[in-house]
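Worksheet for the structure shown next.
Residue numbering restarts at 1 for every chain, and letters A, B, ... go by the order of the sequence lines. Everything quoted here is computed from the prediction, not taken from an experiment.
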Amino acid sequence: MLTLNPEQRDAVVHGDGPLLVLAGAGSGKTRVLTARVARLIENGVPPDRILAVTFTNKAAGEMRERIGDLLGQSTRGLWVGTFHSIAARLLRVEAIHTTRDRSFTIYDEDDSIRALKDVMEAAGFDAKRWSPKAVRNRISGAKNQLIGPSDYSPAPFDLISGIVAEVYPGYQKILTRRNAYDFDDLLFEAVRLLEDPEGVGGHYADRFLHVLVDEYQDTNHAQYRMVRALASAHRNLCVVGDDDQSIYAWRGADVRNILDFERDFEGAHVVRLEQNYRSTGAILEVANAVIECNVDRKPKRLRTDREHGDPIRIVRCGDERREASWVAGEIENARGRYGYEDFAILYRTNAQSRAFEEAFRRAGIPYRIVGGVPFYDRREIKDVLSYLRLAVNPADDAAFQRAIGWPRRGVGQVSLEKLAAAAAAADESFFATAARAREIEGMSKKAARGLFEFATGIEAVRSVLADITAREALEKCVATFALATALAEEEDGADRLDNVSELFATAASFDRDEVDDAAPEATDLELYLQTVALRSDLDDADFDGEAVTLMTLHNAKGLEFPVVFLAGMEEGLFPLSRAIESEGGLEEERRLFYVGVTRAMDRLSLTHADRRWRAGMESHSASSSFLDELPETHVEHTLGGGVRSRGGYAGGGSSYGRRSSRGSEREGGYGSAARRGGNGARGSRLDFSGSDPSPAAPGGSSFSWHREAGRKSPASGDGELEYDYADSQEPVELRAGTRVIHPLFGPGEIVTISGVGRDAKAEIDFDEVGRKKVMVAYAGLRPS
DNA sequence: TTCCCTCGTATTTTT
DNA sequence: TACGAGGGAA
């Protein structure tokens with residue numbers, strides 16, 4: 001059933017001992033990794049003694065799914081997860097051996113920058129002069145190198161490193177006091193735990209007979225040490241990667257990890273996968289030529305059995321609008337031979353998506369953007385989640401600050417500073433201090449009242465937390481603090497309400513059993529928050545549905561598309577001028593180019609514009625120096641329109657070859673495989689409806705729900721909403737005319753019902769927010 | 001304390 | 001361009 005070439009087979013059947021798989025782009029590395037795990041299980045290795053580590057949740061989910069498919073049985077017990085989620089699991093299970101307790105919060109970049117800013121200002125550094133972000137990046141880099149606050153020494157003549165040395169200890173102290181880890185701490189502390197000779201590390205090393213790591217070229221030092229510790233007892237470590245696709249060095253990834261593997265793990269067996277199953281001969285020739293310009297790499301050369309195919313096109317355009325409309329035109333021309341979902345536009349910077357969005361909208365081409373502003377980074381989502389975070393972890397002062405500030409409740413910056421001072425004096429959390437705000441000297445009456453009521457509300461949520469699901473907790477917060485009402489009153493409240501409604505959907509569909517590396521002791525809500533914190537936009541990206549995909553090159557790694565456009569091939573933009581300032585930066589940019597080229601299966605076009613609006617200015621740039629490195633024999637030059645000067649190139653039109661067989665024996669990279677369940681389009685801005693919620697919905701042809709006998713008190717003076725929960729479970733019919741209460745939108749009357757089962761939608765005329773369509777499965781409707 | 005407006009700046013980014 | 005921070009007015 002599963003056919004493997006000899007090299008792939010070699011990697012799959014390799015027995016004990018370290019194994020390095022150097023897997024070129026499109027060479028079937030995912031297939032090797034999954035087949036290897038499946039074979040281990042078939043040969044009797046218990047699933048719970050195998051650990052597979054990936055970089056994204058999405059990759060983890062897909063690996064698990066594929067292994068299950070291969071085995072035809074459950075993969076229960078198998079540990080598959082990202083470095084960060086596995087570290088989080090470890091830290092939760094072994095919380096007593098750490099400096100945090102089990103309900104710790106995970107700080108994202110934003111949270112940690114805010115915390116750091118507080119520390120910097122307290123230490124007398126002007127946040128305008130010294131960017132907290134830059135300082136955070138330095139701390140992040142140090143943590144990735146496993147350099148703790150006491151080990152950090154500033155470099156001479158490096159002012160920022162001097163600041164780091166001064167604030168790093170304070171920053172770490174604040175995180176500990178707030179019972180929080182930042183992303184890097186998760187790895188740092190996990191390594192500490194695993195490498196402690198007195199500690200529990202030995203238990204885990206003994207436990208895992210086999211450890212497998214995907215995308216090994218992207219590991220940083222902390223991740224390397226984590227892997228090394230986990231595999232130390234049995235030495236059955238299999239790593240898969242491609243040094244040519246290392247594109248995260250700027251973020252601490254150390255390509256030496258893969259280059260030095262044979263030295264680090266003596267006796268390692270090495271397998272090279274150089275047979276590409278994805279691209280045409282022409283595309284592969286170009287890819288090889290690109291990457292051979294790099295000096296610092298292991299020599300290798302991809303080959304393919306596919307036809308030579310069409311030449312790669314280089315398209316010169318006048319500006320970014322012409323670039324986008326040229327691409328739109330090409331897509332329309334090639335329709336029929338390809339579906340919209342077969343096209344991808346890849347660019348270096350997110351800002352480039354804009355011109356394409358406009359062009360596609362004009363042309364009526366459906367598209368999806370992967371990345372951009374992630375769903376969970378939206379202001380209203382973070383605001384609402386901060387209530388949950390605070391309820392779970394009252395020591396989380398960052399969550400407190402966020403929640404207290406929205407909705408406005410008479411507690412401004414001045415009061416907050418007084419509170420902070422009082423909290424520091426008493427060595428308490430903001431939350432604990434807020435409950436006795438009245439006693440704080442100089443606190444205004446109004447502020448004290450606001451603080452007290454806020455603390456009381458959080459306490460009320462906390463008191464029921466142990467017994468409720470993530471969704472119920474969310475509902476409770478929204479109800480207690482009238483968050484929906486506050487949102488509805490805002491200027492662009494409608495969109496924001498919709499987003500929060502979407503958040504309800506994610507919470508409703510959250511199932512701890514789908515968290516691959518759930519710590520058994522964690523509560524539903526803790527796991528939900530962890531999942532949210534460690535989720536990337538990419539994980540939610542929905543590649544189903546007829547739409548052209550737009551994303552950055554970084555996000556495209558691991559994916560493949562029949563027709564690819566690499567846009568913005570201009571010097572300064574790609575290679576990005578900022579990126580090439582650092583050492584090895586140009587080679588990393590070139591690897592990124594290589595990643596882009598190797599995404600294409602059949603057709604590849606590289607576009608560049610003479611003029612482009614960047615940061616509010618028109619910039620003029622020469623075409624990318626990367627274009628000069630391509631072998632002329634496989635390249636064709638075309639004019640995309642709008643070019644002002646004479647010259648340029650002639651010829652070229654759009655001459656698409658016959659559509660190649662899609663889905664034959666080529667291996668699907670992550671992402672082209674069908675997704676399980678998926679929660680629709682959350683992360684990505686989707687201008688094309690693709691929402692397809694999956695969890696079971698109540699009712700089949702006749703709708704009913706379980707009555708919770710909730711009663712809403714009529715809106716009081718300032719629009720407070722309040723719910724009384726009781727437990728009667730009487731099924732109630734749902735049809736047009738029924739009065740219902742939506743947890744977010746309040747009371748309303750059903751206008752129409754459409755769809756059945758999980759797809760059932762109700763159109764409801766809400767008293768406060770007007771007419772809206774909601775998914776019955778998620779809405780959490782109650783009878784009125 | 002809050003709101004509104006203006007000014008300035010930044011642009012890659014798995015977790 | 002577009003967003004956030006900061007300053008000033010009500």
Measure from [atom1] on [X] to [atom2] on [N] and round the result to the nearest Å.
X	N	atom1	atom2	value
A:Arg612	B:dT11	CZ	C1'	13 Å
A:Tyr376	B:dT14	OH	P	16 Å
A:Arg578	B:dT9	CZ	C1'	12 Å
A:Met551	B:dT14	CE	P	12 Å
A:Asn144	B:dT14	CG	P	15 Å
A:Asn137	B:dT11	CG	P	10 Å
A:Leu559	B:dT14	CG	P	13 Å
A:Leu534	B:dT14	CG	P	13 Å

Where each residue is assigned the nucleotide of DNA chain B containing its nearest heavy atom, which of A:Leu592 and A:Gly412 is assigned the position nearer the 5′ end?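 Taking each residue's closest nucleotide, the earlier one in sequence belongs to A:Gly412.
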Residue whose closest nucleotide on DNA chain B lies nearer the 5' end, A:Arg408 versus A:Phe55: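 Checking each residue's closest nucleotide, the 5'-ward one belongs to A:Arg408.
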Determine, for A:Asp108 against A:Lys382, whether the closest basic-nitrogen to carboxylate-oxygen distance falls under 4.0 angstrom.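 A salt bridge links A:Asp108 with A:Lys382.
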Could you tell me whether A:Glu526 and A:Arg102 have a side-chain N and a carboxylate O separated by less than 4.0 Å?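 Salt bridge present between A:Glu526 and A:Arg102.
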Quick tally for nucleotides 1-10 of chain C: nucleotides whose base has a protein heavy atom under 4.0 Å get B, sugar-phosphate-only ones S, the rest -, giving BS----S---
Using a cut-off of 4.0 Å on non-hydrogen atoms, how would the nucleic acid contact of A:Asn350 be classed: base, sugar-phosphate, or nothing?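 It contacts sugar-phosphate atoms only.
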Quick check for you: among B:dT1, B:dT14, B:dA10, whose closest atom lies nearest to any side-chain atom of A:Val414?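 Nearest to the side-chain atoms of A:Val414, counting from C-beta on, is B:dT1.
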Given B:dT1, B:dT11, B:dT14, which nucleotide is nearest the side-chain atoms of A:Ala253?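 Nucleotide nearest to A:Ala253's side chain: B:dT14.
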Evaluate the criterion salt bridge (Lys or Arg N to Asp or Glu O under 4.0 Å) for residue pair A:Asp111 and A:Arg389; output intermediate values, then yes/no. CA-CA 12 Å; A:Asp111 298 322; A:Arg389 280 173 48 175; 3.0 Å; yes
So, is A:Lys418 close to the B:dT1 phosphate, meaning a side-chain N or O under 4.0 Å from OP1 or OP2?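 For B:dT1, neither OP1 nor OP2 has a side-chain N or O of A:Lys418 closer than 4.0 Å.
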OP1 or OP2 of B:dT14 sitting under 4.0 Å from any side-chain N/O of A:Asn57?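 Negative; the distance criterion is not met.
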Side chain to side chain donor-acceptor pair (under 3.5 Å) with A:Ser140: which of A:Asn220, A:Asp185, A:Asp184?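 Considering A:Asn220, A:Asp185, A:Asp184, a side chain to side chain donor-acceptor pair (under 3.5 Å) with A:Ser140 is found only for A:Asp184.
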If we count only N and O atoms by modelled type, under 3.5 Å, do the side chains of [X] and [Y] hold a donor and an acceptor together?
X	Y	answer
A:Tyr528	A:Thr506	yes
A:Asn499	A:Glu380	yes
A:Thr105	A:Asp396	yes

